[in-house]
Amino acid sequence: MKKRSFLDTFAAIPHIVWVILFIIAPLVFVVFFAFTDTYGNFTFDNISMLSSYAHIFVLSICFALIATVICLLIGYPLAFFISQCKPSTQKVIIVLLMLPMWISLLIRTYSLMALLDNGGLLNSLFEVIGIGRVKMIGTSGAVILGMVYDFLPYMVLPIYTSISKLDPKLLEAASDLGCSNFKTITKVVLPLSAPGVVSGITMVFVPSISTFYISQKLGGGSFDLIGDTIERQFQNVSTYNVGAAISLVMMILILISVAIMNKFSDDGGEIIV
Amino acid sequence: MENKKNIIELKNITVRFGDNDTVLDNINLSIGDGEFVTLLGASGCGKTTTLRLIAGFLEPTEGEVFFDSKNMSGVPPYKREVNTIFQRYALFPHLNVFENIAFGLRVKKVKEKEIVEKVQSMLELVNLKGFEKRQVGNLSGGQQQRVAIARALINDPKVLLLDEPLAALDLKLRKDMQNELKALHDRTGITFIFVTHDQEEALSMSDTIVVMADGKIQQIGTPTDIYNEPVNAFVADFIGESNILDGIMVADYKAKFAGHTFECLDKGFEPNEPVDIVVRPEDVDIVPVEKGMLKGTVTSVTFKGVHYEIIVDIQGFKWMIQTTDYCAPDSVIGLFIEPDAIHVMKKSIYSGLIGDYSSYSEEFDELSIVDEDEKEETIEEAKEV
């Protein structure tokens with residue numbers, strides 16, 4: 001094997017420092033706090049008291065799952081549609097799709113709030129056309145809408161990437177071998193774009209399950225999700241340890257779900273973005 | 001062969017991409033049942049487009065495609081009794097060998113037992129027994145080629161379309177596959193429509209060759225016809241090596257070129273009509289200078305194994321001659337041409353475009369063909385979108 005040059009080693013140093021400072025060290029702290037009390041003594045209390053948060057975990061998982069499924073149902077057909085457009089049109093749609101991603105998630109959530117608010121744009125419109133005001137902020141629908149709105153591009157882009165990488169000859173081959181357009185999609189396009197679907201699901205599910213501002217802003221305080229709970233624990237020094245324990249469990253949950261998802265994609269599943 | 005009915009007929013086919021980019025220009029072609037037909041031409045001549053019309057991936061701008069006397073316009077590929085073998089095979093990467101071959105039957109919802117039986121017999125036919133569980137990505141080019149053949153043939157197509165199927169294989173394998181395809185054609189009796197830019201492949205495999213250039217059919221005929229009686233300078237140049245000279249048909253059986261009047265076997269031209277003359281390199285005899293009809297200076301000699309390929313300068317025109325006798329460079333030799341070695345053709349738009357052998361390089365030819373093919377494909381794909 002070629003000996004690594006000084007430059008190679010040197011180039012990696014900033015990254016290594018970054019990883020140690022901002023990834024490994026925080027992880028160690030999370031684990032440390034999760035297994036200690038406020039005085040730094042080792043304890044399992046934080047973990048064992050998590051059972052009282054079970055309903056929050058279940059609710060968060062449900063919300064994230066629903067948002068992910070909706071994103072998939074909207075995102076897959078959209079990604080397929082984009083991939084069938086002219087190359088120039090594809091570029092325009094992709095830029096349009098990515099445009100919101102250049103704006104802070106927080107700002108997007110606030111703008112959605114302005115739309116859905118009791119005195120917001122939509123409700124003013126409803127009143128004008130005679131439907132009357134509808135309470136939207138504070139409903140589970142608003143929270144899920146927020147998740148779908150914020151994370152949809154993360155579903156569409158990887159799926160689009162994997163569909164557009166398909167050799168058009170494969171679609172012709174399917175058609176040649178007797179597949180109608182619909183069968184071509186189910187028998188060739190779907191299985192071959194599975195890796196894109198897997199990374200899309202992962203990229204929507206993970207931020208959805210850990211979000212706190214969406215549920216705070218659009219849930220109007222009626223929903224307590226894991227993200228909110230963790231945030232609350234960390235606002236008070238005395239509950240750091242419980243927050244760390246919840247974080248730890250959530251990380252493990254996410255790791256498990258990502259591992260399960262990757263099982264579904266072929267060959268150990270590389271994630272494409 | 002003549003009594004057989006035509007399985008495919010193309011009538012007045014024109015294909016245009018955009019307003020003024022004509023890819024096929026008023027093509028008429030009849031293909032008999034059970035024939036091995038080769039569409040031969042350089043890249044961009046429209047041969048692949050013709051194949052795609054028959055497969056149904058493309059609808060003609062004008063004209064009709066008939067299959068078994070039925071008009072195929074508007075019939076999608078999946079309802080046509082043809083199957084295609086694609087240039088780079090287009091095997092499904094998510095399926096193993098068995099499932100790739102079984103694909104067409106699965107779509108038709110054939111019973112599992114029948115599928116297993118048919119796939120097994122196909123695997124036997126293409127010599128891939130024991131490969132059922134292999135992933136197609138791990139197969140060699142030749143093996144992928146066989147899977148593609150089996151995947152197409154299992155559907156019992158009436159016509160098999162082959163789009164430069166051997167282009168991606170190395171020379172040795174290509175020769176083997178040529179023989180296998182030919183044998184497969186004889187055994188199955190299916191009509192094969194084969195697209196290639198390789199004239200040697202076309203000559204050795206086909207019943208009928210269709211030479212295409214610039215979106216038009218130049219000549220249709222048996223390999224021997226095409227080789228011995230090319231209709232114009234393009235065909236003569238494209239099929240095999242040939243010396244193409246400007247000449248004048250002085251009278252019936254008398255052709256004048258290279259400053260000499262030769263006896264020949266051609267007639268029916270106007271007196272003193274300007275014509276193109278073809279003399280194949282292997283038909284020229286080398287004789288002592290004093291006995292020669294023409295004399296020239298040898299400018300280069302290349303050993304080719306079976307023969308020497310020598311370039312002879314005769315009054316500034318470089319001839320290629322294939323001979324088993326060695327001639328030293330710079331020596332002066334005489335040439336003798338038998339009447340039946342001379343083929344006279346009418347002038348065409350290709351006259352004068354094809355020069356002599358002064359800048360001849362075989363390697364360069366090969367390379368540029370492959371390059372342009374890739375280009376042609378991308379251009380065609382872009383146009384279809």
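Throughout, a chain's letter reflects where its sequence line sits, starting with A, and its residues are numbered from 1.
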Closest non-hydrogen atom pair between B:Phe103 and A:Cys179, with its separation: CE2-SG, 3.5 Å
Does the side chain of A:Leu177 reach to within under 4.5 Å of the side chain of B:Asn155, using non-hydrogen atoms? yes
For B:Phe92 against A:Leu170, the heavy-atom pair lying closest together: CE2-O, 3.5 Å
Taking all atoms of both residues into account, what is the closest heavy-atom pair of A:Pro191 and B:His94, and its distance? CB-CD2, 3.4 Å
Check whether any side-chain heavy atom of B:Arg106 lies under 4.5 Å from a side-chain heavy atom of A:Lys187, and answer yes or no. yes
Crowded around A:Lys91 NZ? As in, over 12 foreign heavy atoms under 6.0 Å? no
At their closest point, which heavy atom of B:Phe86 faces which heavy atom of A:Glu172, and how far apart are they? CE2-OE1, 3.6 Å
Using heavy-atom distances under 4.5 Å, tell me whether B:Leu91 contacts chain A through its side chain, its backbone, both, or neither. backbone
Shortest non-hydrogen contact between B:Arg151 and A:Ala173, atoms and distance: NH2-CB, 3.7 Å
Does anything in residues 69-83 of chain B reach chain A? List residues with heavy atoms under 4.5 Å apart, or say none. B:Pro77, B:Tyr78, B:Val82, B:Asn83
Segment of A:Lys183 engaging chain B (4.5 angstrom heavy-atom cut-off): side chain
